[in-house]
Visitor: 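Sharing a structure here in structure tokens format.
Residue numbers count from 1 along this sequence. In listed order, ligands and their atoms are each counted from 1. Both backbone and side-chain heavy atoms feed into the values below; hydrogens, waters and symmetry mates do not.
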Amino acid sequence: MQQGIFITIEGIEGVGKSTAVNFIKDYFSKQQIPFIATREPGGTGIAEQIRKILLTPSEETMLPETELLLMFASRAQHIATVIKPALEVGQCVICDRFDDASFAYQGGGRGIDLAYIKNLDDWLVKRRPDITFLLDASPELGLMRAKHRGPQDRIEQEKTIFFDRVRAVYLERAKQDTKRFKIIDASQSIEAVQREIKAILDNLGLQ
Ligand code: TMP
């Protein structure tokens, strides 16, 4: 059986990832393409419990190393129990964030050596995404939008300069893999963003 397509959506906070994910889900539904939609950190019972630990603000400071290892712990669980089985039966997987986020946030944001992250990635992630939509906007714009969503989680509470570093690593990774990454200017209107996403999905010839 032919494997499903693996699509990930990335970007800093407030760039409209959820709207993009919903748009892609709608697109797949309309075209009657079998898919599952999931997210990271999370996507399974255990991985969602790890997500809670990662995102709940706490008085105890979480070490960058702890954060990185928990991200990959949840990812290992998610790949084995959700992503791999779906792709193997020909379902497409739409995943809100995946391993690029670990390079961007724990590498760029927290300053962990990217070589350590690559080691974990090579060990645990055998099937890489086929397409990654990188919704790109300045942290100033993203954080302003994110603030309107209500209480901020532990990572959202970081300062603009943290997200500048996250964004820089995302853009650097996109530059190194122009085939997989589709950079979308998220400062545009929702309609313009969706038009770009649709054009890219149309081009995949999925039907
Ligand atoms: P979300 O807000 O998109 O649901 O993502 C939760 C947070 O987790 C977000 O601030 C980005 C962060 N994150 C990482 O720092 N590293 C990772 O590997 C992933 C998947 C998410």
Visitor: Salt bridge check, K198 against D202: does any charged N sit closer than 4.0 Å to a carboxylate O?
Guide: yes

Visitor: Between the side chains of E65 and Q106, is a donor N or O closer than 3.5 angstrom to an acceptor N or O?
Guide: no

Visitor: For ring-ring contact (aromatic ring centres under 6.0 Å, His included), just list the numbers for F181 and Y170, CA-CA rounded to whole Å, side-chain angles, deciding distance to a tenth of an Å, and then say yes or no.
Guide: CA-CA 10 Å; F181 274 94; Y170 268 138; 7.6 Å; no

Visitor: Is R128 salt-bridged to D121, going by a charged N under 4.0 Å from an acidic O?
Guide: yes

Visitor: One residue to check: P41. Relative to ligand 1, which of side chain, backbone, both or neither has a non-hydrogen atom less than 4.0 Å away?
Guide: both

Visitor: Of the protein's non-hydrogen atoms, which lies at the shortest distance from atom 1 (P) of ligand 1, and what is that distance?
Guide: R97 NE, 3.6 Å

Visitor: For I155, counting its heavy atoms only, list the atoms of ligand 1 lying under 4.0 Å from any of them.
Guide: 8 (O), 10 (O), 12 (C), 15 (O)

Visitor: Considering only the protein, which heavy-atom contact is closest to atom 13 (N) of ligand 1, and what is its distance?
Guide: M71 CE, 3.5 Å

Visitor: Going by an N to O cut-off under 4.0 Å, is there a salt bridge joining K84 and E88?
Guide: yes

Visitor: Can you list the atoms of ligand 1 that are under 4.0 Å from a heavy atom of S102?
Guide: 17 (C), 18 (O)

Visitor: Any carboxylate oxygen within less than 4.0 angstrom of a Lys/Arg side-chain nitrogen, looking at R110 and D113?
Guide: no

Visitor: Under 4.0 Å, heavy-atom basis, I'd like to know which part of L55 is in contact with ligand 1: side chain, backbone, both or neither.
Guide: side chain

Visitor: Between R39, R51, K17, which is the residue that forms a salt bridge (Lys or Arg N to Asp or Glu O under 4.0 Å) with D96?
Guide: K17

Visitor: To the nearest 0.1 Å, how far is atom 20 (C) of ligand 1 from its closest protein heavy atom, and which atom is that?
Guide: R75 NH2, 3.5 Å

Visitor: Between E10 and R180 (salt bridge meaning N to carboxylate O under 4.0 Å), is one present in this structure?
Guide: no

Visitor: What are the atoms of ligand 1, with element, lying closer than 4.0 Å to any heavy atom of E40?
Guide: 20 (C)

Visitor: Report the part of R51 in contact with ligand 1, treating N, CA, C, O as backbone and CB onward as side chain, heavy atoms under 4.0 Å; options are side chain, backbone, both, neither.
Guide: side chain

Visitor: In terms of atom number and element, which parts of ligand 1 are under 4.0 angstrom from non-hydrogen atoms of Q106?
Guide: 14 (C), 15 (O), 16 (N), 17 (C), 18 (O)

Visitor: Counting non-hydrogen protein atoms only, what is the nearest one to atom 2 (O) of ligand 1? Give residue, atom name and distance.
Guide: E13 OE1, 4.2 Å

Visitor: Under 4.0 Å from a heavy atom of K17: which atoms of ligand 1 are those, numbered in the order shown and with their elements?
Guide: 3 (O)

Visitor: Looking at ligand 1, is there an atom of it that comes within less than 4.0 Å of some heavy atom belonging to E67?
Guide: no

Visitor: Is the shortest distance from a heavy atom of R39 to ligand 1 less than 4.0 Å?
Guide: no

Visitor: Before accepting this row, confirm whether a basic side-chain N of the pair E67/R154 lies closer than 4.0 Å to the acidic partner's carboxylate O.
Guide: yes

